[in-house]
K.L.:
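Sending over a structure as structure tokens; questions will come in a sec.
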2 protein chains.
Amino acid sequence: MVTATERRERQRAERHQLIITAARELAESEGWEAVTTRKLADKVEYSQPVLYGHFANMEAIRDAVAIEGIAEMAEQLRAAREAAPASEGVRAVCTAYLAFAAAHPAAYQAMFTLPTKVKFAHAETPAPLRAAFGEIVSAFGPFDDRNAALAELIWGSLHGMAVLLRSGRIPEAAQEQRLDLLIALFANAPA
Amino acid sequence: MVTATERRERQRAERHQLIITAARELAESEGWEAVTTRKLADKVEYSQPVLYGHFANMEAIRDAVAIEGIAEMAEQLRAAREAAPASEGVRAVCTAYLAFAAAHPAAYQAMFTLPTKVKFAHAETPAPLRAAFGEIVSAFGPFDDRNAALAELIWGSLHGMAVLLRSGRIPEAAQEQRLDLLIALFANAPA
DNA sequence: CACAAAAATCTAGCGCTGCTAGAATAATGT
DNA sequence: ACATTATTCTAGCAGCGCTAGATTTTTGTG
């Protein structure tokens, strides 16, 4: 009976996603330190060991949230870039990046701050991550070494701004001017 | 008897520093997740409750390591800036910043990544932190709004580079060119 | 020096964590 | 209808941050 196996696998995949969604919701509402195996098991209405049937450990669950978040961000960067004229591509992508970080702080943390097993600049780098990086590069132009370098650099700057803002280490107040200045600097990039 | 009290206070201060140093060493050698009250108490050869006579909780111990690290970094930024010609001030400070982050990753984490009660852009901002920020501003020139904004921005960029490098999220390979590019961008800053 | 008061320190334990072995239950194929 | 297999749960381990209360050490006084 093939359909029985298929149904089981489908239900398993559904529960897999359920765990990821529950972990993400819990993290966004109460912070990652509140995402414990017991609370998460409670939320998905299974016992703790079921979680371990889907993920090796809690870190793997966080990584799954990270990948999901990266895919979402890639999509939002793409939409923002395509909606803007080419001359405003960098600004559109930067704004969308910071908006995502502010709107989904816990997901953002899983993506770029918490320890992770996700491979970033590597042969095994997951497709959504490549896509997100590609969107930043595209804001500068075709995918070449120079634009990739600019993309890495502005990513670093945006990430720094995002986390220092989030933790209150730089003030929210002048954020708009700060972003304007960043974009102006990158617009004047020497060849 | 005044001397007895004085001696007690001196010994207490010594032990206070001993705890900070032990926590920092443990964090640098085994990571912050290994800095537990039990291991730390073991290392300083006291029982756990003694730690709580000096610090409210583990977070306060991390914050103490953070402040110590910030003071050290401020000193190293100052030394680097003063040793370089004014035209190379920004490069000197950037290089020293990234060198500190690479040399003391656990301290750096306590300073700028882990949750903290340390006030950054605030009336209660501790002196060493003001000093460190002041060093970055000085690399750009006198302390005015524009140079402060540039300092905040390049701090964000450096921090982003530091943490993304540390976690393997951007490759070590092109780091030198990346830094050159960053400095070039800031050198071309519009008025 | 002897001894009560005060200060310093430790032992032991609470409720939590991530994780897992083995028991109990449910679904499956004959 | 029943044995087999797959699934899920109960119960527990070792370690976590933190603290109440017992114990030891130090202090100041007669």
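First the proteins, then the strands, lettered A, B, ... as listed; each starts at 1. All values derive from a computational prediction rather than experimental measurement.
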K.L.:
Calculate the interatomic distance between A/Tyr52 atom OH and D/dC13 atom C1'; express it in whole Å.
P.N.:
13 Å

K.L.:
Expressed in angstrom and rounded to an integer, what is the separation of B/Arg62 atom CZ from D/dC16 atom C1'?
P.N.:
14 Å

K.L.:
Verify side-chain contact (heavy atoms from CB on, under 4.5 Å) between B/Glu135 and B/Met73, making sure each step is shown before the conclusion.
P.N.:
CA-CA 10 Å; B/Glu135 286 305 322; B/Met73 178 187 256; over 6 Å; no

K.L.:
When only distance counts, do a donor and an acceptor, one from the side chain of B/Gln48 and one from the base of C/dC10, lie under 3.5 Å apart?
P.N.:
no

K.L.:
When only distance counts, do a donor and an acceptor, one from the side chain of B/Arg38 and one from the base of D/dG15, lie under 3.5 Å apart?
P.N.:
no

K.L.:
Look at all strands and tell whether A/Thr36 reaches a base, only sugar-phosphate, or nothing, counting heavy atoms closer than 4.0 Å.
P.N.:
sugar-phosphate

K.L.:
Give the rounded distance in Å between these two atoms: NZ of A/Lys39 and C1' of C/dT17.
P.N.:
11 Å

K.L.:
5'-most contact on DNA chain C: A/Glu33 or A/Ala56, nearest heavy atom basis?
P.N.:
A/Glu33

K.L.:
Is B/Arg12 salt-bridged to B/Glu9, cutoff N-O under 4.0 Å?
P.N.:
no

K.L.:
Rounded to the Å, how far apart are B/Leu51 CG and C/dC10 C1'?
P.N.:
13 Å

K.L.:
Could you tell me the separation between the OH atom of A/Tyr46 and the P atom of D/dT7, rounded to a whole number of Å?
P.N.:
12 Å

K.L.:
Closest-nucleotide mapping onto DNA chain C: is A/Ala34 or B/Pro49 further toward the 5' terminus? I mean the 5' end.
P.N.:
B/Pro49

K.L.:
Decide yes or no on side-chain contact (heavy atoms from CB on, under 4.5 Å) for A/Leu158 and A/Cys94, but give the supporting numbers first.
P.N.:
CA-CA 7 Å; A/Leu158 291 170; A/Cys94 289; 3.9 Å; yes

K.L.:
At under 4.0 Å between heavy atoms, what does A/Arg12 touch on the DNA or RNA strands: base, sugar-phosphate, or nothing?
P.N.:
nothing

K.L.:
Would you mind reading off the distance between B/Leu26 atom CG and D/dG17 atom C1', rounded to a whole angstrom?
P.N.:
15 Å

K.L.:
For A/Glu59 and C/dC19, what is the distance between atoms CD and C1' respectively, to the nearest whole Å?
P.N.:
14 Å

K.L.:
Taking atom C1' of D/dT19 as reference, at what distance in whole Å does atom CG of B/Asn57 sit?
P.N.:
13 Å

K.L.:
Can you figure out which of C/dC10, C/dA8, C/dC19 approaches the side chain of B/Arg8 most closely?
P.N.:
C/dA8

K.L.:
Would you say B/Thr37 reaches D/dG17's phosphate, i.e. side-chain N/O to OP1/OP2 under 4.0 Å?
P.N.:
yes

K.L.:
Show your working on side-chain contact (heavy atoms from CB on, under 4.5 Å) between B/Glu30 and B/Val35 and close with a plain yes or no.
P.N.:
CA-CA 8 Å; B/Glu30 302 180 38; B/Val35 184; over 6 Å; no

K.L.:
Is NZ or CZ of B/Arg166 both nearer than 6.0 Å to the six-membered ring centre of B/Tyr108 and within 45° of the ring axis?
P.N.:
no

